[in-house]
Colleague: 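My questions all concern the structure below.
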Amino acid sequence: MKNWFDSLIANFQLDPWVMTLALGFWLLIVAALVLVFMASFAGITSWLERRIAGRMQSRIGPNRVGLVGFWQWLADGLKSFLKEDVIPDAADRTLFKMAPYLVFPGGFAAFAALPWGYGIIASNIDIGIFYVTSITTLVVLGILMAGWSSNNKWSLIGGVRSASQMISYEIPAGLSVLTVVAVSGTLNMQNIVALQGGWPWQWYFFNNPFTFISFFIFFASILAEGNRTPFDLPEAESELVAGYLVEYSGMRFLFFLFTEWANVWTMSALLTTLFLGGWQIPGIADLGAVIAAAPFAVKILWVAASIAVFFIKTSVFVFIVIWVRWTLPRLRVDQLMLMCWKYFVPIGFVCLLGSALCVVLPQTGLWQWFWLGMRLLLTGLGFAIAIGLIWRAFYNLRAMKDKVYIKIWA
Amino acid sequence: MKGTAESLQHDTTIVNMGPQHPSTHGVLNLTLTLRGELIEAARPKVGFLHRAIEKIAESTQYVGFIPYTDRVDYLSAMFGNQGYCMAVEKLLGIEVPRRAEYMRVVACELNRIINHLIACGTFAMDLGAFTPFLHGMREREMVNDMMEKICGARLNYNYMRFGGVSRDWVPGLDKEILAFLDRFETFLPEFNRLITGNEIFVKRLVHVVPISAAQAIKYGLGGPNLRASGVDFDLRRDYPYSVYPEFKFKVITGVGYRGETGDTFSRYMVRLDEMVESAKIVRQAVEGIPEGEYLAKVARNPVVPAGEVYTHVESTRGEMGFYLISDGTDKPFRCKIRTSSFCAMAAIPEVIPGFMVADLTAFFGSLDVVAPEVDR
Amino acid sequence: MTANDILALLQQHFPHTPFELQQGQAGDPWILVPADQILPTLDHLKSQHGFVFLSCLGGIDYTTGLGVVYIIRSLEKKCEVTLKVLLPYDQPEVASAHALYGNANFFEREAWDLLGIRFSGHPDLVRIMLPDDWEGHPLRKDYVEAPDYHGIPTTRPDSHALLTPLYPAKPAAEPGATPEGA
């Protein structure tokens with residue numbers, strides 16, 4: 001975005017301070033755009049989650065406010081704005097008020113570095129993925145603050161659990177990221193996508209067996225990062241009545257929830273970028289060259305196509321995250337920690353070493369066919385798993401011996 | 001935090017679980033002494049839902065007390081009705097017509113099915129799996145419609161009278177019940193595929209709070225809780241009442257499937273299997289129901305001869321007993337209601353220390369305690 | 001095993017205790033046990049004859065005195081027996097059975113709370129159903145409520161007075177007259 005801005009005003013000869021002012025103004029616009037983007041996505045994900053949850057639970061979900069209840073999230077947001085602001089008497093007022101303002105930017109700032117399409121990224125920093133994983137840990141601080149300042153033993157338990165969970169699962173997440181970075185050699189988000197290709201066997205998911213395994217570890221770790229079931233013990237509704245959030249109401253409560261839903265998008269976007277080839281369109285070997293060679297109108301179409309591909313891949317994962325939430329029970333806190341430290345971390349290290357080994361092995365000559373064969377095999381394995389899941393779903397539907405209505409417009 | 005300096009020094013915290021808590025099923029309080037996540041002591045406090053039903057019994061006529069027996073445990077209301085009506089019938093010395101007994105059995109076993117659906121569903125919900133509960137509610141809705149056809153109400157039935165039941169079946173009801181049972185056969189495998197075989201679910205529940213057979217007997221637990229600990233005891237088979245001897249059904253005892261006998265998973269599995277057995281009983285009852293009277297010729301509000309009697313029924317949670325003392329008037333002299341959830345609460349302080357708060361949630365759900373039954 | 005058999009067993013083991021088999025006009029018989037002998041009786045039945053399950057422990061206010069009823073069951077023999085203890089109003093005390101049966105703990109607390117029967121040896125005899133600062137024992141026949149509890153009135157205003165404007169009394173129908181609306 002900054003490059004675009006620079007190229008835009010390169011023609012104008014202005015004083016430096018006007019340039020700085022214009023740059024500041026431009027940054028505000030971009031930040032506002034990203035904020036609107038993030039807030040809308042958070043709201044739409046909440047609507048999507050409620051509809052999907054309703055369907056999975058043999059009920060309808062929101063269907064009053066709008067055609068399929070689509071404006072439900074706006075109605076909820078409006079209601080929360082108008083709610084009375086309740087702060088417990090014995091709570092630490094400053095920390096209580098500050099906690100949402102630490103959690104929300106933790107989720108929001110990650111949106112600035114996600115590659116939505118070819119050239120469409122708010123901030124193309126060279127430490128892209130490192131920035132995203134570090135800025136999301138700001139959420140931990142906010143959660144601890146929320147748990148402590150509520151002056152409530154249950155929220156303290158929830159806050160401490162959450163902090164320990166999120167800090168622990170940073171490690172397998174980071175190791176999985178490093179596994180991919182070992183292959184790509186760069187932390188820059190757009191470059192990571194550009195180095196992959198459009199076809200599935202060119203994605204990093206199927207690059208070598210170690211990135212294959214680290215995909216699943218990364219998926220589980222970022223579920224834990226986002227406090228989603230099966231790792232939602234900190235906000236376990238039936239055990240701690242929303243855990244660290246229990247004293248929050250109205251808009252403050254929505255800040256936390258917004259961050260959680262926006263985090264679902266961040267999770268899916270990271271998965272897509274690192275493992276599924278981001279905005280790469282299958283069949284186009286070098287999107288950059290195609291775009292550079294095309295007339296202006298077609299350029300826009302190609303960029304839109306890359307954004308659409310990114311959206312489709314991300315939406316699949318959003319659906320999977322929501323699906324997992326409404327299917328699986330939650331893990332107990334010691335089982336959670338055990339899984340992280342005793343299973344994920346060692347496997348993550350092994351994957352990192354293995355991936356680095358695969359990078360060092362020769363890639364040319366006869367090895368080229370070896371690697372292509374290996375990647376095709378892994379692609380087949382991946383698709384076999386996906387098809388197995390879908391077949392299983394249809395088997396369950398058939399075994400129900402009952403009429404199943406799949407009317408989406410209800 | 002204000003006021004907790006000394007607890008930080010001693011390393012234990014005292015937390016109140018309830019009375020407002022989503023996973024204590026009803027208004028109950030457990031005062032926990034925690035060391036980190038481990039529970040060192042748990043002290044149950046009950047009485048938040050005490051409605052003085054036993055006192056009300058002394059100022060209500062016999063027939064007017066029947067709706068109150070629904071509300072002792074609203075999820076297994078038919079059993080309350082049956083226990084109380086059996087007590088009064090014993091004192092009156094009247095015999096219930098066979099058709100009425102069959103109708104009572106159908107109503108009670110259907111009630112057992114829908115209660116276990118809620119029990120297993122809310123149990124899974126306490127553990128974070130929100131979907132199985134709603135799938136169970138889907139089935140429960142159909143049974144509620146049938147209950148409405150049977151007695152006019154969906155939750156608090158007020159169905160049984162002294163000498164039988166309040167009204168006959170509408171024509172076509174037996175076909176409806178059989179259609180539901182055919183459909184129910186496919187429901188349980190679906191439920192099991194969704195949640196019972198799930199590795200996370202199983203790992204949460206095996207070896208969690210095992211209650212040995214001796215402990216279960218010591219605390220007077222009943223029903224699925226007692227049988228899951230390995231004690232082969234069922235009031236329907238061992239103290240035969242009503243027409244249960246005419247039906248063939250298995251008494252499900254816990255066998256330590258994937259864990260040990262008496263742990264939380266075992267209690268859950270016993271409830272699931274009991275639903276199958278109840279469906280079998282309902283099928284046999286509906287297919288074999290005789291023609292006849294649905295109500296013996298008894299005064300609607302009888303004057304009961306003086307005496308004392310104790311009747312018990314195998315309610316969904318265990319043994320529901322009615323100790324009825326009559327003094328020869330038209331109002332009971334004393335009606336003591338013995339409920340299984342009350343005894344289950346008594347068992348908690350002994351068995352829970354050493355487990356975690358998350359285990360307590362699972363354990364409490366598996367005990368299937370409902371607050372109105374505890375407090376009456 | 002019937003109540004008679006158990007009475008015979010008890011009389012054999014406790015020859016000096018005046019057990020009595022009683023029965024009302026209808027219903028089941030019970031064995032009346034003197035208040036100071038109930039704990040040895042229960043212990044004997046539990047350890048020697050297998051009555052390990054306490055089904056019910058309830059307090060009763062007979063207007064002539066208080067009573068405690070113990071219904072114990074043997075799971076192998078599939079029989080149960082009702083033992084009863086009668087206590088005078090001025091000294092309603094009996095030994096606690098909590099060491100023999102675990103659920104007696106809660107049952108006895110309930111009997112204390114609602115009827116004022118004291119169980120000596122009970123580890124924690126406090127109110128269970130009612131708030132800790134409640135006065136009186138409600139299940140007693142002569143219980144009169146306090147007019148309010150912490151400012152909340154315990155009686156409601158006369159409901160007839162409230163309903164009268166809505167439902168004015170109709171004159172009684174004469175025999176033979178058709179009811180209105182028929």
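We name chains A, B, ... by the order of the sequence lines, and we start the count at 1 in each one.
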Colleague: What part of B:L92 gets within 4.5 angstrom of chain C, counting heavy atoms only: side chain, backbone, both, or neither?
Modeller: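 Neither part.
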Colleague: Name the member of C:V52, C:V69, C:D113 that forms the most heavy-atom pairs with chain B at distances under 4.5 Å.
Modeller: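 Of the candidates given, the most pairs with chain B belong to C:V69.
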Colleague: Is chain B contacted by the side chain of C:L139, its backbone, both, or neither, given a heavy-atom distance below 4.5 Å?
Modeller: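 The answer is both parts of C:L139.
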Colleague: Considering only heavy atoms from C-beta outward, does the side chain of B:E54 approach that of C:M129 to under 4.5 Å?
Modeller: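 The answer is no, as the side chains (C-beta and beyond) never meet within the 4.5 Å cut-off.
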Colleague: Testing the basics here: between C:N103 and B:A346, what is the closest heavy-atom pair and its distance to 0.1 Å?
Modeller: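 Scanning both residues completely, I find the closest heavy atoms to be CA-CB, 4.2 Å.
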Colleague: Could you tell me which non-hydrogen atom of C:G27 sits nearest to which non-hydrogen atom of B:V309, and how far apart they are?
Modeller: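 Of all heavy-atom pairs spanning C:G27 and B:V309, the closest is CA-CB, 4.4 Å.
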Colleague: Rounded to the nearest 0.5 Å, what separation is found between the CG atom of B:D238 and the CD atom of C:E76?
Modeller: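 The CG atom of B:D238 sits 11.0 Å away from the CD atom of C:E76.
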Colleague: For B:R51, look at atom CZ and say whether over 12 heavy atoms of other residues, nucleotides or ligands are found less than 6.0 Å away.
Modeller: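 Counting neighbours around CZ of B:R51, more than 12 heavy atoms of other residues, nucleotides or ligands fall under 6.0 Å, so yes.
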Colleague: Need one label for C:I60: side chain, backbone, both or neither, based on atoms under 4.5 Å from any heavy atom in chain B.
Modeller: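 Backbone plus side chain of C:I60, per the 4.5 Å heavy-atom cut-off to chain B.
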Colleague: Count the heavy atoms belonging to other residues, nucleotides or ligands that lie under 6.0 Å from NZ of C:K78, then report whether that count exceeds 12.
Modeller: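 Atom NZ in C:K78 is packed in, count exceeds 12.
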Colleague: Minimum heavy-atom separation for B:Y239 and C:S74, please, with both atom names.
Modeller: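 Here B:Y239 and C:S74 meet closest at OH-O, 4.2 Å.
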Colleague: Report which part of C:K84 has an atom under 4.5 Å of a heavy atom belonging to chain B: side chain, backbone, both, or neither.
Modeller: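 Side chain only.
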Colleague: For B:K55 and C:R140, which heavy atoms make the closest approach, and how far apart are they?
Modeller: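 Between these two residues, the closest heavy atoms are NZ-O, 3.1 Å.
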Colleague: Contact part of C:R127 toward chain B, heavy-atom cut-off under 4.5 Å: side chain, backbone, both or neither?
Modeller: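 Contact with chain B: none, neither part.
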Colleague: Taking the six-membered ring of B:F233, is the NZ or CZ of C:R73 close enough (under 6.0 Å from the centre) and on axis enough (within 45°)?
Modeller: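 That pair does not qualify as a cation-pi contact.
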Colleague: Give a yes or no on whether B:F333 atom CZ has more than 12 heavy-atom contacts from other residues, nucleotides or ligands under 6.0 Å away.
Modeller: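 Yes, because the 6.0 Å sphere around CZ of B:F333 holds more than 12 heavy atoms from other groups.
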Colleague: Counting heavy-atom pairs under 4.5 Å to chain B, which of C:L130, C:L75, C:N105 comes out on top?
Modeller: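 So the answer, after comparing C:L130, C:L75, C:N105, is C:L75.
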Colleague: Count the heavy-atom pairs under 4.5 Å between each of C:G24, C:S55, C:C56 and chain B, then report the option with the highest count.
Modeller: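 Looking at each option in turn, the highest pair count goes to C:S55.
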Colleague: Counting only non-hydrogen atoms closer than 4.5 Å, does B:R43 touch chain C with its backbone (N, CA, C, O), its side chain (CB onward), both, or neither?
Modeller: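 Side chain only.
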Colleague: Does any backbone or side-chain atom of C:Q23 lie under 4.5 Å from a heavy atom of chain B? Answer side chain, backbone, both or neither.
Modeller: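 For C:Q23, neither part sits under 4.5 Å from chain B.
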Colleague: Would you say C:L114 and B:H50 make side-chain contact, with heavy atoms under 4.5 Å?
Modeller: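 In contact.
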Colleague: Could you tell me if C:T82 and B:Y323 have a donor-acceptor pair between their side chains, going purely by distance under 3.5 Å?
Modeller: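 No, no side-chain donor-acceptor contact under 3.5 Å.
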Colleague: Among the options B:I217, B:V46, B:D375, pick out the one with the most heavy-atom pairs lying under 4.5 Å from chain C.
Modeller: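 Among B:I217, B:V46, B:D375, the one with the most close pairs to chain C is B:I217.
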Colleague: Considering residues, nucleotides and ligands other than C:R118, do more than 12 of their heavy atoms fall under 6.0 Å from its CZ?
Modeller: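 It does not: C:R118 CZ has 12 such atoms or fewer within range.
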Colleague: Between atom NZ of B:K218 and atom CG of C:L54, what is the distance when rounded to the nearest 0.5 Å?
Modeller: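 One gets 12.5 Å once the value is rounded to the nearest 0.5 Å.
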Colleague: Between B:V374 and chain C, with a heavy-atom cut-off of 4.5 Å, which part of the residue counts as in contact: side chain, backbone, both or neither?
Modeller: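 Interface part for B:V374: backbone (N, CA, C, O).
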Colleague: Pick whichever of B:E58, B:M345, B:E350, B:K90 has the most heavy-atom pairs under 4.5 Å with chain C.
Modeller: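 Top count of heavy-atom pairs under 4.5 Å with chain C: B:E58.
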Colleague: Which pairs count as ring-ring contact (aromatic ring centres under 6.0 Å, His included) when at least one residue sits in residues 49-72 of chain C, sequence neighbours excluded?
Modeller: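 Every ring-ring contact (aromatic ring centres under 6.0 Å, His included) pair that includes a residue of residues 49-72 of chain C, provided the two are not neighbours, is C:H44-C:H49.
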Colleague: When you look at B:R334 and C:D61, which way does the side chain to side chain contact (heavy atoms under 4.5 Å, CB included) test go after all the steps?
Modeller: CA-CA 8 Å; B:R334 169 87 166 103; C:D61 183 4; over 6 Å; no
Colleague: Need one label for B:K336: side chain, backbone, both or neither, based on atoms under 4.5 Å from any heavy atom in chain C.
Modeller: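 It is the side chain, since no backbone atom gets that close.
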Colleague: Of the backbone (N, CA, C, O) and the side chain (C-beta and beyond), which part of B:I56 lies under 4.5 Å from a heavy atom of chain C, both, or neither?
Modeller: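 For B:I56, neither part sits under 4.5 Å from chain C.
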